[in-house]
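Residue numbers begin at 1 in each chain, while the letters A, B, ... track the order of the sequences. Values below: every heavy atom of this structure, side chains too, minus hydrogens, waters and symmetry copies.
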There are 2 protein chains.
Amino acid sequence: MALLDLLGRRWTMRVLWELRGEPLSFRGLQAACSGMSPSVLNQRLAELREARLVEAGEAGYALSAHGRELLSLFGPLNRWAEDWARSLHG
Amino acid sequence: MALLDLLGRRWTMRVLWELRGEPLSFRGLQAACSGMSPSVLNQRLAELREARLVEAGEAGYALSAHGRELLSLFGPLNRWAEDWARSLHG
DNA sequence: CTCCGGTGCTACGATAATCGAAGCATACTG
DNA sequence: CAGTATGCTTCGATTATCGTAGCACCGGAG
């Protein structure tokens with residue numbers, strides 16, 4: 001899975017996750033990721049744009065059609081993660 | 001998502017992925033990840049065991065029930081990743 | 001025009017994560 | 001005993017990430 005290479009880097013999935021709603025500006029995205037370094041954010045955005053998962057538009061950075069598809073697969077993952085977190089220290 | 005913290009570390013998802021089939025020994029797992037450092041592998045295994053996603057048994061390291069649940073969510077992800085990879089350089 | 005606040009992004013030294021190879025301790029086999 | 005396999009540790013080198021500062025640009029206000 002080449003996808004795991006891309007996603008298995010710090011902040012990558014987090015960035016996708018933060019873009020699940022409205023488009024965000026560079027600085028907005030940085031704030032949403034609670035202070036991630038701009039150098040890394042820029043690097044991730046470049047990778048994600050090259051992978052056609054994110055695109056830069058008028059309103060800022062947003063998920064592409066592919067990106068939205070991918071994120072929709074995160075939905076079940078998120079629901080599962082909540083149960084799992086509860087069962088861990090619950 | 002606390003899960004993203006765990007998965008957003010190098011090799012974490014790869015390790016889970018390589019354990020999708022039979023249990024693997026430490027060195028087998030290292031080889032399956034094509035030469036990942038044993039120090040990091042050991043660290044990841046510790047994290048995954050603490051997260052109750054992987055457990056060490058007789059036959060080596062294997063997914064726990066939770067781990068198998070999580071990996072089953074990777075199935076659609078994998079199918080999607082193949083289409084996506086094809087559409088990228090296809 | 002200048003100034004101000006916003007933008008996307010870069011530079012760079014400091015810190016943390018990862019690598020790669022070697023080796024240790026143990027157990028089993030012959 | 002030697003040989004082979006195991007899980008795992010150590011340590012110096014390399015790479016990734018951090019954190020802060022700052023650049024270049026743009027639009028609006030004065």
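- Remark: B:R10 is not in phosphate contact with D:dT17, judged by side-chain N or O atoms under 4.0 Å from OP1 or OP2.
- Of the two residues near DNA chain C, A:G60 and A:S39, the one whose nearest nucleotide lies more 5' is A:G60.
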query: Step by step, would you call B:R52 with B:E50 a salt bridge (Lys or Arg N to Asp or Glu O under 4.0 Å)?
result: CA-CA 5 Å; B:R52 311 279 182 199; B:E50 189 175 4; over 6 Å; no
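- Here the nucleotide nearest the side chain of B:R44, chosen from C:dA17, C:dA21, D:dG22, is C:dA17.
- Between B:F74 and B:M13 the shortest side-chain heavy-atom distance falls below 4.5 Å.
- With rounding to whole Å, A:L6 atom CG is found 15 Å from D:dA16 atom P.
- Separating the CE atom of A:M36 from the C1' atom of C:dC9 is a distance of 13 Å, rounded to the nearest angstrom.
- If you take CZ of A:R49 and C1' of C:dC9, they are 10 Å apart, rounded to a whole angstrom.
- Rounding to whole angstrom units, CZ of residue B:R9 and P of C:dC19 are separated by 14 Å.
- The listed nucleotides are D:dG19, D:dC8, C:dC19; the one nearest the side chain of B:V40 is C:dC19.
- A:F26 places a side-chain heavy atom less than 4.5 Å from the side chain of A:P38.
- Mapped onto DNA chain D by nearest heavy atom, B:L24 and A:Q30 fall at different nucleotides, with B:L24 at the one closer to the 5' end.
- With the nearest nucleotide of DNA chain C identified for both B:Q43 and A:L45, A:L45 has the one nearer the 5' end.
- Using a distance-only test at 3.5 Å, with no hydrogens or angles considered, a donor-acceptor pair links the side chain of B:S25 to the main chain of B:G28.
- Taking the side chain as every heavy atom from C-beta outward, B:L16 and B:L7 approach each other to under 4.5 Å.
- Between the CZ atom of A:R27 and the P atom of D:dC25 there is a distance of 16 Å, given to the nearest Å.
- Dashed line: the shortest gap from a side-chain N or O of A:N42 to OP1 or OP2 of C:dG8 is not under 4.0 Å.
- When rounded to the nearest whole Å, the span between CG of A:L41 and C1' of D:dT17 equals 13 Å.
- Taking 4.0 angstrom as the limit, A:W11 places a side-chain polar atom (N or O) nearer than this to OP1 or OP2 of D:dC18.
- In this structure, the CG atom of B:L29 is 12 Å from the C1' atom of D:dG7, given to the nearest Å.
- Residue B:S25 is in sugar-phosphate contact alone, with no base atom involved, counting any heavy-atom pair closer than 4.0 Å across all strands shown.
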